[in-house]
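Right, one structure below, let's go through it.
The residues of the chain are indexed from 1 along the displayed sequence. Counting convention: from 1, in listed order, for ligands and their atoms alike.
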Amino acid sequence: MLAIPSFGGGGFTESTTASAGAVFKVPDSMPYAAAAALHVVYQTGHLALHRSANIRAGETLLVHAGAGGVGSAAIQLGRAAGARVVATAGGPDKVEVLQRLGVDLALDYREHDFVDAVKEFTDGRGADVIYDPVGGDTYDRSTKCIAFEGRILIIGFTGGRFAEARTNHALIKNYSIVGVHWALYNILQPERVRAIHDELVALFEAGQIDPLISERVSLEEVPAALSRLGSRGTYGKIVCEL
Ligand SMILES: NC(=O)c1ccc[n+]([C@@H]2O[C@H](COP(=O)([O-])OP(=O)(O)OC[C@H]3O[C@@H](n4cnc5c(N)ncnc54)[C@H](OP(=O)(O)O)[C@@H]3O)[C@@H](O)[C@H]2O)c1
């Protein structure tokens, strides 16, 4: 079983509570660490790519912060959907992570302008779907390489600034800006979350997704691990094992 603990009790503890609706079966083939690393980030990616963006095989997906938790999940899900995946990350070590994830084009945004690179990769067309957990300047620049009928998925704001969408630009270029708040689906459409879980388990069992776990830490090591996470010194997911 995997579960999202109730607020208050939290997850970094030897025992906690969760409502029945927040508990999901995992098969014997899925190790606990994979189940822990899978749930939130792959649920978000699946919902965003399939329901919010209706991604289609052959489309180009640009994933920002691709070596992070939600980014690495979106890369795997994009590849499983048959998309051509371009991803950005900061620094050579994280770019190596992108390459190991099998992206078609890995970009160090500190060294290269991702707008030019995406345009070149798509013969000037731009990315059909952009997965943006960063916001701010990254969102602003993304509007320069979004394709006709493209979809920019608003996932998070790790860059520290909420971008202000220029609606006239969206109209002129014919693209959509789609907000994605996965947690709200747990309240308004819990049956959808359960259906996505079943699909994620099937993708895992078919070998099409496999959560990227960079570290396994003990309960005592959690504060230091969170500190590394907060200073962008990690990639993929960190799992706490008792
Ligand atoms: N919408 C939803 O339903 C949903 C669901 C889950 C998570 N989220 C959100 O998605 C975001 C990413 O989560 P995550 O689990 O992928 O986090 P993460 O593993 O820490 O990855 C975040 C990445 O953002 C990049 N980044 C860019 N500017 C940054 C800055 N100023 N400070 C820190 N990192 C910066 C870093 O990559 P580089 O070093 O390569 O730049 C970092 O690795 C968070 O805002 C989270 O709240 C949203």
Could you go through the side-chain contact (heavy atoms from CB on, under 4.5 Å) check for K173 and T143 one step at a time?
CA-CA 9 Å; K173 285 185 74 173; T143 64; 5.7 Å; no

Has R192 got a side-chain atom pairing as donor or acceptor with Y185's backbone, closer than 3.5 angstrom?
no

Is it possible for you to say whether I238 and F12 belong to one hydrophobic cluster, with membership spreading through side-chain heavy-atom contacts below 4.5 Å?
yes

Ligand 1-proximal atoms of Y235, by part, heavy-atom distance under 4.0 Å:
neither

Just need the protein heavy atom nearest to atom 19 (O) of ligand 1, so name the residue and atom and give the distance.
G69 N, 2.9 Å

Look at atom 23 (C) of ligand 1 and say which protein heavy atom is nearest, naming residue and atom and giving the distance to 0.1 Å.
A65 CB, 3.7 Å

State whether the side chain of D104 and the backbone N or O of V86 hold a donor-acceptor pair below 3.5 Å, judged by distance alone.
no

Distance flag for atom 32 (N) of ligand 1, protein heavy atom under 4.0 Å
yes

If I apply the N/O under 3.5 Å rule, does T88 come out as touching ligand 1?
no

Looking only at distances, can you tell me whether any N or O atom of T158, backbone or side chain, sits closer than 3.5 Å to an N or O atom of ligand 1?
yes

Please test I4 against V40 for side-chain contact (heavy atoms from CB on, under 4.5 Å), starting from the C-alpha separation and ending with a verdict.
CA-CA 9 Å; I4 298 283; V40 175; 3.9 Å; yes

Salt bridge present between R56 and D128 (N-O < 4.0 angstrom):
no

Around atom 41 (O) of ligand 1, find the nearest protein heavy atom and jot down its residue, atom name and distance.
Y109 OH, 2.5 Å

Less than 3.5 Å between some nitrogen or oxygen of I154 and one of ligand 1, yes or no?
no

Lys/Arg cation over aromatic F148: R125, 6.0 Å, 45° cone:
no

Given R51 and V180, is the side-chain contact (heavy atoms from CB on, under 4.5 Å) satisfied, shown in steps?
CA-CA 10 Å; R51 182 157 178 81; V180 182; over 6 Å; no

Nearest non-hydrogen protein atom, atom 5 (C) of ligand 1
T44 OG1, 3.3 Å

for atom 20 (O) of ligand 1, nearest protein heavy atom and its distance come out as L229 CD1, 3.6 Å

I155 to ligand 1: N or O pair under 3.5 Å?
yes

Contact atoms of ligand 1, heavy-atom distance to A89 under 4.0 Å:
40 (O)

Is there at least one pair of N or O atoms, one from V180 and one from ligand 1, spaced under 3.5 Å apart?
yes

Which of the atoms in ligand 1, numbered in the order shown and given with their element, are less than 4.0 Å from a heavy-atom of G68?
16 (O), 19 (O), 21 (O)

In ligand 1, the atoms that come under 4.0 Å of a heavy atom of F157 are 45 (O)

Please report which non-hydrogen protein atom sits nearest to atom 40 (O) of ligand 1, along with the residue it belongs to and the distance in Å to one decimal place.
G90 N, 2.8 Å

So, H64 versus Y139: side-chain donor-acceptor pair below 3.5 Å or not?
no

When you measure from the side chain of S72 to the backbone N and O of G69, does any donor-acceptor pair fall under 3.5 Å?
yes

Quick check: K94 and ligand 1, any N/O pair under 3.5 Å apart?
yes

Is W182 in polar range of ligand 1, meaning some N or O pair under 3.5 Å apart?
yes

Measure from atom 46 (C) of ligand 1 to the protein's non-hydrogen atoms and state whether any distance is below 4.0 Å.
no

Would you mind checking if K144 and D113 are paired as a salt bridge, meaning a charged N to carboxylate O distance below 4.0 Å?
no

Provide, to 0.1 Å, the distance between atom 36 (C) of ligand 1 and the closest protein heavy atom, together with that atom's residue and name.
R232 NE, 4.0 Å

Residue, atom and distance of the protein heavy atom nearest atom 6 (C) of ligand 1 read V70 CG1, 3.7 Å

Under the 3.5 angstrom rule, does the side chain of T16 hit a backbone N or O of G10 as a donor-acceptor pair?
yes

Of the options Y32, W182, F204, which is the one that meets H39 in a ring pair (Phe, Tyr, Trp, His ring centres under 6.0 Å)?
W182

